[in-house]
Engineer: 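The following block contains the structure, expressed as structure tokens.
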Amino acid sequence: MKIMHVSAECYPIAKVGGLADVVGALPKYQNEIGANSSVIMPFYNNKFTQAHEFTSIYQANLKLGNEELRFNVLKVDDSSLEFDIYFVHVGDLLYTDYVYSNNDTNRFLAFQIAALDWILTLKEKPDYIHCHDHHTGLIPFMTQESYKYESLNKIPVITTIHNAQYQGWMGYDNLYKIPRFNIEKVGLIMWDGMINPLAAAIKCAWRVTTVSPSYMEELKFSANGLESLLSHESAKAIGILNGIDSDVWNPDTDKYIIKNYKKASVESGKKANKKWLCAQFNLDETKPLFAFIGRLVGEKGAELLPYAIDYAVRSKDISVIVLGSGSKETERQLFDLIPRHSGNYNAFIGYDEKLSHIIYAGADFLLMPSRVEPCGLNQMYSLRYGTVPIVRRIGGLKDTVIDIGDNGFGICHNDVSVQDMVVAISRGKDFYNHQKEFKVNRKHIMSIDHSWKVSAKAYIDLYKSIN
């Protein structure tokens, strides 16, 4: 079974969010169970591409409307990844030091056309094309309707929605850039008067998946305008929970953390990592340590963090650390709290991969007050490292975290509000003070299996069900 994943991101090459983690792990685990899974993505000007050598395996010109662009397909010479990965290089259009910009219409149209032009030339074509998010959303339409790709129309195309809030909208004036098709089929790419790549993917893909079962159900009621479409196409839609790469996220072998540990040595391991964190950020290691790791944006409920933290740390009996970037106003508010709560709170504005691993290893609790969380990976990372997740009941968070009050292992709240966050933090503090139960819970959550093994098999089963 030959699978070609098409994506704008792939860890460790280019990462903006959870999409990269999924595409960087799913092919690896599919290959472990006998598939031949690979990835094609844009060739960016970043640390990975600057540090590796590449071989050009295909060169041609592509048509983007009236413009003709030269493109190469490259393959990395010394990849340590456990799957083949190919790169589409289209000069300055894709070879940038950023993944996304304010106007990505031409960039990702060119990427999709180049990817399909190359696939057309392969002697051994993929059995399945697996597209990820709106950046690849026109591929299901083009393989089905564009005259140029008629020979590909019997290859099943699967689309996975990682975040339906972003849909790749573009004006009707871009229609001529899409390889020629019967204009009577234009409705397949239109939604609310615009070309909508995500809507086109939902209409044209052979199967549509979301990254958790709960998110699939939620999209029927809240999908940024696509609710009725997803309800209409529900017969071909399924939610498959993401996994995590248990080789990368493994406290026993993690090269980033201060001291490695297993379930049997979790107390000493977490203590060492917490001690380092607290020393670096002027926090009291004897108090329960709460952490937030992520983008400081509305989807994550991040604008409430400064107010919730300001209230929660007044008692001086907890510590809080924040790692993230995003809204400049939220960044400023979080930074301004540091001198006010010296010794109980600190923040690193930005992102640091090493630091994120140490926080998962050293914190006692992880805060995820998300408004939208299609799957969420951070809560799975925290469980793997023996850190109790505090989450809002939404999307994949609802699928993966059960409240301690319901014979579970985490702390859940229903609303995105300062009050709910403060109450949840208070519950966490009380749980921490019952050290016997807390330590038993720590070992239990480290045993929960959220690896890609189960999810990779679910995708393989999905592919097989199409034929």
Side-chain angles (χ1 to χ4, degrees), residues 2-16 19-20 23-28 30-31 35-101 104-133 135-139 142-143 146 148-152 155 157 177-179:
K2 190 173 183 181
I3 307 149
M4 178 69 73
H5 292 271
V6 193
S7 175
E9 301 179 38
C10 179
Y11 178 83
I13 299 152
K15 176 178 175 177
V16 176
L19 168 61
V23 179
L26 177 55
K28 166 185 168 181
Q30 288 179 330
N31 288 345
N36 179 359
S37 190
S38 58
V39 173
I40 184 166
M41 66 177 294
F43 188 72
Y44 303 113
N45 180 12
N46 60 19
K47 290 181 180 178
F48 183 93
T49 57
Q50 292 165 12
H52 290 78
E53 298 294 326
F54 298 84
T55 298
S56 175
I57 60 172
Y58 181 74
Q59 298 181 24
N61 293 334
L62 67 87
K63 292 278 290 182
L64 189 66
N66 299 324
E67 190 175 4
E68 193 166 280
L69 301 171
R70 188 70 175 169
F71 76 93
N72 288 354
V73 176
L74 309 173
K75 189 174 181 182
V76 66
D77 292 339
D78 57 346
S79 174
S80 59
L81 302 177
E82 296 176 55
F83 53 89
D84 288 333
I85 185 154
Y86 306 93
F87 298 83
V88 172
H89 182 20
V90 189
D92 294 335
L93 200 60
L94 291 176
Y95 190 65
T96 58
D97 59 3
Y98 50 84
V99 176
Y100 306 123
S101 66
D104 284 334
T105 295
N106 285 345
R107 297 178 69 230
F108 290 113
L109 259 176
F111 167 58
Q112 293 172 86
I113 292 169
L116 289 181
D117 283 359
W118 173 59
I119 291 173
L120 268 181
T121 70
L122 297 177
K123 291 182 180 179
E124 188 181 346
K125 293 179 172 54
D127 298 306
Y128 303 92
I129 298 173
H130 191 149
C131 299
H132 296 268
D133 267 352
H135 327 99
T136 60
L138 290 174
I139 286 177
M142 290 191 292
T143 56
S146 288
K148 184 178 185 180
Y149 306 121
E150 186 176 0
S151 64
L152 302 179
I155 300 176
V157 182
K177 298 175 184 176
I178 300 171

Engineer: For Ala8 and Tyr44, which heavy atoms make the closest approach, and how far apart are they?
Structural biologist: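 For Ala8 versus Tyr44, the nearest heavy atoms are O-OH, 2.8 Å.
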
Engineer: Working to the nearest 0.5 Å, report the span between CG of Leu69 and CG of Leu62.
Structural biologist: 5.0 Å

Engineer: From Phe108 CZ over to Asp133 CG, what is the distance, rounded to the nearest 0.5 angstrom?
Structural biologist: 10.5 Å

Engineer: Does the side chain of Asn36 reach to within under 4.5 Å of the side chain of Ile3, using non-hydrogen atoms?
Structural biologist: no

Engineer: Is the closest side-chain donor-acceptor distance between Tyr100 and Glu9 under 3.5 Å?
Structural biologist: yes

Engineer: Take the angle between the ring planes of His130 and His132 and call it parallel below 30°, perpendicular above 60°, tilted in between.
Structural biologist: parallel

Engineer: Indicate whether the side chain of Ser37 and that of His5 have a donor and an acceptor atom separated by less than 3.5 Å.
Structural biologist: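 Note: Ser37 and His5 side chains meet the donor-acceptor criterion.
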
Engineer: What closest approach, in Å, do Phe83 and Val39 show between heavy atoms, and which atom pair accounts for it?
Structural biologist: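 Here Phe83 and Val39 meet closest at CE1-CG2, 3.6 Å.
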
Engineer: If you define the side chain from C-beta out and look only at heavy atoms, does anything of Asn45 sit under 4.5 Å from Thr96?
Structural biologist: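 SC-SC contact between Asn45 and Thr96 ruled out.
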
Engineer: For Phe111 versus Ile40, what's the shortest heavy-atom pair and its separation?
Structural biologist: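 That would be CZ-O, 3.6 Å.
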
Engineer: Is a side-chain N or O of Asp84 found less than 3.5 angstrom from the main chain of Ser38, in a donor-acceptor match?
Structural biologist: no

Engineer: Main chain of Leu138, side chain of Gln112: is a donor-acceptor contact present, judged purely on distance under 3.5 Å?
Structural biologist: yes

Engineer: Show your reasoning for whether side-chain contact (heavy atoms from CB on, under 4.5 Å) applies to Val88 and Phe43.
Structural biologist: CA-CA 5 Å; Val88 172; Phe43 188 72; over 6 Å; no

Engineer: Check the pair His135, Asp104 against side-chain contact (heavy atoms from CB on, under 4.5 Å), reporting the backbone distance first and the verdict last.
Structural biologist: CA-CA 9 Å; His135 327 99; Asp104 284 334; 6.0 Å; no

Engineer: Measuring centre to centre across the rings, with the benzene-like ring taken for any Trp, is Phe87 within less than 6.0 Å of Phe54?
Structural biologist: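 Between Phe87 and Phe54, the centre distance is under 6.0 Å.
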
Engineer: Compare every heavy atom of Cys10 with every heavy atom of Gly24, then report the nearest pair and how far apart it is.
Structural biologist: CA-SG, 3.7 Å

Engineer: On a heavy-atom basis, which atom in Leu93 and which in Arg107 lie closest, and how many Å separate them?
Structural biologist: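 What the structure gives for the nearest pair is O-NE, 2.9 Å.
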
Engineer: So, do Pro12 and Leu81 sit near enough that their side-chain heavy atoms are less than 4.5 Å apart?
Structural biologist: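 SC-SC contact between Pro12 and Leu81 confirmed.
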
Engineer: Under a 3.5 Å distance rule, please check whether Asn46 uses its side chain to pair with a backbone N or O of Thr49 as donor and acceptor.
Structural biologist: yes

Engineer: Quick one: pull up OG1 in Thr136 and CD1 in Ile129 and give me the separation to the nearest 0.5 Å.
Structural biologist: 10.5 Å

Engineer: Tell me, with the steps shown, if His52 and Asp78 meet side-chain contact (heavy atoms from CB on, under 4.5 Å).
Structural biologist: CA-CA 7 Å; His52 290 78; Asp78 57 346; 3.1 Å; yes

Engineer: Does any pair with a residue in residues 60-74 pass salt bridge (Lys or Arg N to Asp or Glu O under 4.0 Å), and if so which ones, sequence neighbours excluded?
Structural biologist: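 For residues 60-74, and leaving out neighbouring residues, there are no salt bridge (Lys or Arg N to Asp or Glu O under 4.0 Å) pairs at all.
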
Engineer: Can you tell me if Ser101 uses its side chain to pair, donor with acceptor, with the backbone of Tyr98 under 3.5 Å?
Structural biologist: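 Answer holds: no.
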
Engineer: To the nearest 0.5 Å, what is the distance between CD1 (Ile57) and CG (Leu74)?
Structural biologist: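 Answer for the CD1-CG pair, Ile57 versus Leu74, is 8.0 Å.
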
Engineer: Using the salt bridge (Lys or Arg N to Asp or Glu O under 4.0 Å) rule, collect all pairs that involve residues 115-126, keeping only residues at least two apart or in two chains.
Structural biologist: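 Qualifying pairs: Asp117-Lys148.
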
Engineer: Count the heavy atoms of every other residue, nucleotide or ligand shown that sit under 6.0 Å from CG of Asp92, and state whether that count exceeds 12.
Structural biologist: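 No, not enclosed.
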
Engineer: What heavy-atom pair brings Ser146 and Pro179 nearest, and what distance separates the two atoms?
Structural biologist: OG-O, 2.9 Å

Engineer: Among Tyr58, Phe71, Tyr95, exactly one meets ring-ring contact (aromatic ring centres under 6.0 Å, His included) together with His89. Which residue is that?
Structural biologist: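 For His89, the ring-ring contact (aromatic ring centres under 6.0 Å, His included) test succeeds with only one of Tyr58, Phe71, Tyr95, which is Tyr95.
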
Engineer: What I'd like to find out is whether the side chain of Thr143 reaches to under 4.5 Å of the side chain of Leu116, using heavy atoms alone.
Structural biologist: yes

Engineer: Check whether the ring centres of Trp118 and Tyr86 lie less than 6.0 Å apart, and answer yes or no.
Structural biologist: yes

Engineer: By side chain to side chain contact (heavy atoms under 4.5 Å, CB included), which residues pair with Glu82, not counting sequence neighbours?
Structural biologist: Lys28, Glu32

Engineer: Start with the C-alpha gap between Ile155 and Asp127, add the side-chain angles, then the distance that decides, and say whether side-chain contact (heavy atoms from CB on, under 4.5 Å) holds.
Structural biologist: CA-CA 6 Å; Ile155 300 176; Asp127 298 306; over 6 Å; no

